[in-house]
Amino acid sequence: MPELPEVEVVKKSLENKLKNLTIKRVFINNNKLRYKISNRQFYRIKGKKITSVKRRSKYLLINLNEDLTILAHLGMTGKFFIIDKNSKKQKTSFYYSIKKNEFKHDHITLFLSKGFKLIYNDVRKFGFLKLLRTKNIFTTDHLKFLGPEPLTNEFNLKYITKFIINKKVTIKNLLMNQKFVSGLGNIYCNEILFLCKLNPLKNVEKINKKELANIVKFTKKILKASIVKGGSSIKDFANTEGKNGNFQQKFNVYNREKSKCNRKNCLGIIRKIYTSNRSSFFCSRCQNK
DNA sequence: TTCTTTGTTCCGGA
DNA sequence: GTCCGGAACAAAGA
């Protein structure tokens with residue numbers, strides 16, 4: 001379940017390894033992702049060079065020359081694998097077969113110069129790849145309504161204070177709202193609220209200035225820590241070498257229903273509730289309303 | 001068979 | 001008209 005830190009880790013990896021490589025061949029094993037890929041359109045990237053890789057929220061922007069950008073979203077289980085000639089996966093089998101489990105969910109393969117391959121793998125197929133004009137990229141429906149990046153100075157106390165005027169939402173829903181701040185998902189929202197000692201159902205009208213400042217502080221802190229550690233994991237995230245992130249041991253509340261609260265001297269028990277069709281985890285004692 | 005998972009969209013009520 | 005929360009949807013594995 002990749003959120004901002006995981007996507008950032010993938011972005012760095014793609015940027016480091018793929019920059020300036022040329023796409024030699026495009027192989028589409030399955031074009032039915034979240035949005036159906038037009039094979040004919042996608043084959044146009046053959047011969048193009050990867051000039052840079054950027055991230056906006058949870059989206060990856062793989063920039064090619066000639067004004068083309070592959071906009072990618074990993075959804076729940078999307079992964080990019082970079083394979084070079086020394087890689088195990090390539091040694092196992094060059095050919096792709098849907099009968100072989102190993103390759104079952106490899107939907108798109110780009111054969112690159114210098115013997116590299118870039119594979120898009122997605123078990124649930126909630127992710128997508130779209131080929132767009134670079135010059136139009138930030139005005140596409142996917143990106144144009146996104147709120148500020150949480151790690152920029154744009155995301156600050158003043159911004160939050162202004163945004164929540166006349167809003168009646170719960171703090172959990174506010175953090176999940178991509179128009180408010182972009183890139184947070186369910187896991188990090190739960191963890192941020194734990195660090196802030198805020199109940200997910202608390203209405204933003206009832207949150208004081210000090211607590212709002214804490215939201216800014218802890219959001220940045222936890223995202224930075226996770227990026228440094230290589231992205232979190234649960235079970236679905238893997239970086240481009242297929243290794244899981246190691247942030248997963250650090251979760252205080254996510255998936256810890258009925259466990260003891262990690263906060264020193266708290267002794268509370270982690271509870272799980274559903275809000276807006278999402279699981280919320282919180283300590284019934286130190287995150288009480 | 002049924003349940004679970006998340007981002008996004010849609011719809012109805014306030 | 002606008003805001004908000006809940007339902008629905010996508011796919012596949014347990």
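Numbered from 1 within each chain, the chains take letters A, B, ... in sequence-line order.
Taking the six-membered ring where tryptophan is involved, the planes of A:His142 and A:Tyr59 are tilted, since the angle between them lies from 30° to 60°. A:His107 and A:His105 have perpendicular rings, their planes meeting at more than 60° on a 0 to 90° scale where under 30° would count as parallel.
The distance from atom CZ of A:Phe281 to atom P of B:dT6 is 8 Å, rounded to the nearest whole Å. Atom CG in A:Leu201 sits about 12 Å away from atom C1' in C:dG5, given to the nearest Å. Atom CG of A:Asn30 is separated from atom C1' of C:dA12 by 13 Å (rounded to the nearest Å). One can place CZ of A:Arg124 at 11 Å from P of B:dT6, the figure rounded to the nearest angstrom. In this structure, A:His105 atom NE2 and C:dG13 atom P are separated by 5 Å, rounded to whole Å. At whole-Å resolution of the value, NZ in A:Lys58 and P in B:dT5 are 16 Å apart. Whole-Å rounding puts the A:Lys179 NZ to C:dT2 C1' distance at 12 Å. Counting to the nearest Å, the P atom of C:dA10 and the NZ atom of A:Lys125 are 13 Å from each other.
If you check every strand for non-hydrogen atoms under 4.0 Å, A:Tyr59 touches sugar and phosphate atoms only. Backbone-only contact: A:Tyr274 has heavy atoms under 4.0 Å from sugar-phosphate atoms and none from a base.
Neither OP1 nor OP2 of B:dT6 sits under 4.0 Å from any side-chain N or O of A:His73. Within the 4.0 Å cut-off from OP1 or OP2 of C:dG5, at least one side-chain nitrogen or oxygen of A:Asn173 is found. Applying the 4.0 Å criterion to OP1 and OP2 of B:dT6, one finds that A:Tyr254 has a side-chain N or O inside that range. Close to B:dT4, at under 4.0 Å from its OP1 or OP2, lies no side-chain N or O of A:Lys272.
Between the side-chain ring of A:Phe126 and the base of C:dA11, no stacking contact exists by the 5.5 Å and 30° definition.
Of the candidates C:dG13, B:dT5, C:dG5, C:dG5 carries the atom nearest the A:Val169 side chain, counting heavy atoms from C-beta on. For A:Thr170, the side-chain atoms get nearest to C:dG5 when compared with the rest of B:dT6, C:dG5, B:dT8. Nearest nucleotide to the A:Asn186 side chain, out of C:dA12, B:dT6, C:dC4: B:dT6.
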Practice prompt. Under the side chain to side chain contact (heavy atoms under 4.5 Å, CB included) rule, what do A:Lys12 and A:Arg55 come out as? Steps first, then yes or no, please.
Written response: CA-CA 9 Å; A:Lys12 283 178 174 162; A:Arg55 179 189 61 76; over 6 Å; no

Fill in: Steps toward side chain to side chain contact (heavy atoms under 4.5 Å, CB included) verdict (A:Lys79, A:Tyr120)
CA-CA 6 Å; A:Lys79 297 175 182 72; A:Tyr120 181 70; over 6 Å; no

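Placement of A:Phe42 and A:Leu132 in two distinct hydrophobic clusters is found when ILVMFWY residues are connected by side-chain heavy-atom separations under 4.5 Å, directly or transitively.
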